[in-house]
Amino acid sequence: MLQRSLGTTGLDVSILSFGGSSLGGVFHDISESEGVRTVHVALDNGINFIDTSPYYGVTKAETVLGHALKEIDRKRYYLATKVGQYADGVFDFSAARVVKSVDESLARLNVDYVDLVQCHDIEFADVNQIINETLPALHQLKSTGKARHVGITALPLKVLRDVVERTPAGTVETVLSFCRYELNDTALLDLVPLLKSKDVGVINASPTGMGLLTERGTPAWHPASDTIKAGARKAVELCKSRGWNIVELAIQFAVANPEIATTLVGTASPKNILDNIRYANTPIDPEKMNAVIEALRPIHNFNFTRGRPENVDPIVGV
């Protein structure tokens, strides 16, 4: 699989990477043995970057992933986890807690270090604390060898911009953005010039918009408006009527942009991860891609947001 440099971290990551949220049963119940096998299949077929968090399944995802990684040579993959969010509505970005969190994650993951540690969903945090306390603590942790690089994650682009702008180059080494670079929403690209100027690597996630661009559709908790859901459904139905796979198109679209180092996909199914890898390795059919993008044009860059009032994005669309 094609690889790209993740900013200036020195990590050359596969353009498609493995998101560990599914291993925590975030979307539906899973078989742990199938989850373990999915990780092995991913690594055996070109994926070399894995992302997880103690929040996913309230430590379940890290635990299942740790079982999978016991059998894998540590040199075969790059591993990222997160700190700061531990259960629904439970956040603690204090220096003491995030340092302890990394130790807890290392134990669950059965590894001595992670390649990347990220502040998880900083839209729910006091940005001043992230800048003045959390990030310095994580950089201090780098000196111990337990984490090699430091990043941030969020849904709103505003808060990612705020932290990157307010910190010296090298403080934020990566950003993880989700649902903002996909067939119906490419707003993440507006942030790319700033990120490049600060040597920040870009990780994209949720190329199907957490279910928007799938035949199954969105889970009940999905925050998108009815307008966005209806617009996405039209594109799904277009693909279905023509015998096209919208998930294939969504993944191809996401991994094609050279400005984005890698795109995370989450599944606990060996078949699904193999399908996703095949999609990423298949050239784009311009006719299909253009037709779907055109179908989604009425809701292009319509968004949803969340977080503390000072951290949220302006809403585009209804």
Side-chain angles (χ1 to χ4, degrees), residues 19 21-22 24-30 55-57 88-89 121 123-124 153-160 176-191 203-257 260 263-269 272 275-276 279 284 288-309 311-318:
S21 60
S22 290
V26 170
F27 296 99
H28 52 77
D29 291 338
I30 67 155
Y55 169 64
Y56 301 145
D88 286 340
D121 289 347
E123 64 266 37
F124 295 102
T153 86
L155 173 64
L157 298 176
K158 177 183 183 295
V159 72
L160 295 174
L176 189 161
S177 166
F178 61 101
C179 296
R180 302 314 308 270
Y181 189 78
E182 55 194 38
L183 284 166
N184 58 293
D185 188 339
T186 57
L188 176 59
L189 295 183
D190 294 339
L191 193 58
I203 302 167
N204 180 41
S206 301
T208 65
M210 300 189 299
L212 276 171
L213 303 175
T214 65
E215 290 191 14
R216 176 187 291 178
T218 55
W221 50 259
H222 200 288
S225 68
D226 289 343
T227 300
I228 296 174
K229 290 177 183 178
R233 178 53 49 184
K234 288 181 181 179
V236 171
E237 293 301 327
L238 169 70
C239 288
K240 189 174 181 180
S241 71
R242 298 187 183 183
W244 302 344
N245 185 333
I246 194 165
V247 174
E248 177 177 8
L249 293 170
I251 289 174
Q252 289 174 340
F253 179 83
V255 302
N257 194 317
I260 292 170
T263 294
L264 294 165
V265 293
T267 179
S269 161
N272 287 349
D275 285 343
N276 290 344
Y279 302 154
I284 288 173
K288 296 179 183 179
M289 189 64 70
N290 291 338
V292 173
I293 290 173
E294 185 60 32
L296 289 164
R297 193 172 303 281
I299 60 164
H300 181 66
N301 282 5
F302 282 23
N303 68 320
F304 44 89
T305 195
R306 66 181 191 182
R308 296 170 72 146
N311 293 337
V312 301
D313 287 333
I315 289 294
V316 178
V318 292

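Index from 1, following the sequence.
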request  = Would you mind reporting whether Phe178 and Thr153 have side-chain heavy atoms less than 4.5 Å apart?
outcome  =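 Heavy-atom side-chain distance check fails, nothing below 4.5 Å.
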inquiry  = I'd like to know if Glu294 pairs up with Arg297 as an ion pair, taking the criterion as any Lys NZ or Arg NE/NH1/NH2 lying under 4.0 Å from an Asp or Glu carboxylate oxygen.
reply    =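 Yes, this pair counts.
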request  = Check for a donor-acceptor pair, side chain of Ser225 on one end and backbone N or O of Val318 on the other, with a separation under 3.5 Å.
outcome  =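 Yes, the answer is positive, given that a donor and an acceptor are paired below the 3.5 Å cut-off.
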message = Looking at Gly217, is its backbone amide N or carbonyl O close enough to the side chain of His222 to form a donor-acceptor pair, meaning the two atoms are under 3.5 Å apart?
response =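 No, because the side chain of His222 does not come within donor-acceptor range (under 3.5 Å) of the backbone of Gly217.
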request  = Give me the ring orientation class for Phe253 and Tyr181: parallel if the planes are under 30° apart, tilted from 30 to 60°, perpendicular past 60°.
outcome  =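 Answer is parallel, since the angle falls under 30°.
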Measure the [atom1]-[atom2] distance between [X] and [Y] for me, rounded to the nearest 0.5 Å.
X	Y	atom1	atom2	result
Cys179	Leu212	SG	CG	7.0 Å
Asp121	Asn311	CG	CG	11.5 Å
Ser177	Leu191	OG	CG	7.5 Å
Lys240	Glu215	NZ	CD	5.0 Å
Arg180	Leu189	CZ	CG	10.5 Å
Ile228	Leu296	CD1	CG	11.0 Å

Can you list everything that forms a side-chain hydrogen bond (donor to acceptor under 3.5 Å, both in side chains) with [X]? Sequence neighbours excluded, please.
X	value
Asn303	none
Thr263	Asn204
Asn276	none
Thr186	His300

For [X] and [Y], which heavy atoms make the closest approach, and how far apart are they?
X	Y	answer
Pro223	Met210	CD-CE, 4.1 Å
Ala224	Lys229	O-CE, 3.3 Å
Val265	Pro207	CG1-CG, 3.9 Å
Ala232	Leu213	CB-CD2, 4.1 Å
Thr208	Glu182	C-OE1, 4.3 Å
Arg306	Glu123	NE-OE2, 2.7 Å

Set of side chain to side chain contact (heavy atoms under 4.5 Å, CB included) partners for Thr305, sequence neighbours left out =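 Residues passing side chain to side chain contact (heavy atoms under 4.5 Å, CB included) with Thr305: Pro156, Val312, Asp313, Ile315.
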Just list the side-chain donor-acceptor pairs under 3.5 Å for residues 243-251, sequence neighbours left out, or say none.
residue, atom, partner, partner atom, Å
Asn245, OD1, Val247, N, 2.9
Asn245, OD1, Glu248, N, 3.3
Asn245, ND2, Tyr279, OH, 2.8
Glu248, OE2, Gln252, NE2, 3.4

